[in-house]
Amino acid sequence: MGLFVIVLLVIATVLLIRNMNKRLRRLPDSFPDAQQTQREAEIARLNADLEHSDEGKPAPKVDQDRSRATAAATEHEVKGITTDSDALDPEGDQGRV
């Protein structure tokens, strides 16, 4: 019984080796550079985005003063200046600092 198991394992090993040799022969001699392939894909994606955006859609208007308004609101918070919404009920919210 032990000899039969050993013979089966040897046959399976020989078949696996033959199969792997066939697969290795089918592989190309060298593979393309992964970084070059990634660069080409990125260029193609950017070109497609440019073509898609040039289909006649107007450019969105950008609010130039948006960053200044945010900075002003932040300055008021830092200085401790209260607004009307903060001063509604001073006794009701004791947990706020």
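- With side-chain heavy atoms closer than 4.5 Å counting as contact, directly or through intermediates, the hydrophobic cluster containing I11 also holds L3, V7, L15.
- Residues that satisfy the side chain to side chain contact (heavy atoms under 4.5 Å, CB included) test with L46, not counting sequence neighbours, are E42.
- Atom CG of L16 is separated from atom CG of N21 by 11.0 Å, given to the nearest 0.5 angstrom.
- I43 pairs by the side chain to side chain contact (heavy atoms under 4.5 Å, CB included) definition with N47, not counting sequence neighbours.
- In this structure, R26 has no side chain to side chain contact (heavy atoms under 4.5 Å, CB included) partners at least two apart in sequence or on a different chain.
- In this structure, K22 NZ and R25 CZ are separated by 8.5 Å, a value rounded to the nearest 0.5 Å.
- R18 pairs by the salt bridge (Lys or Arg N to Asp or Glu O under 4.0 Å) definition with nothing, not counting sequence neighbours.
- Residues passing the side-chain hydrogen bond (donor to acceptor under 3.5 Å, both in side chains) test with Q36 are R39, E40, sequence neighbours excluded.
- From R45, atom CZ reaches atom CG of L50 across 10.0 Å, with rounding to the nearest 0.5 Å.
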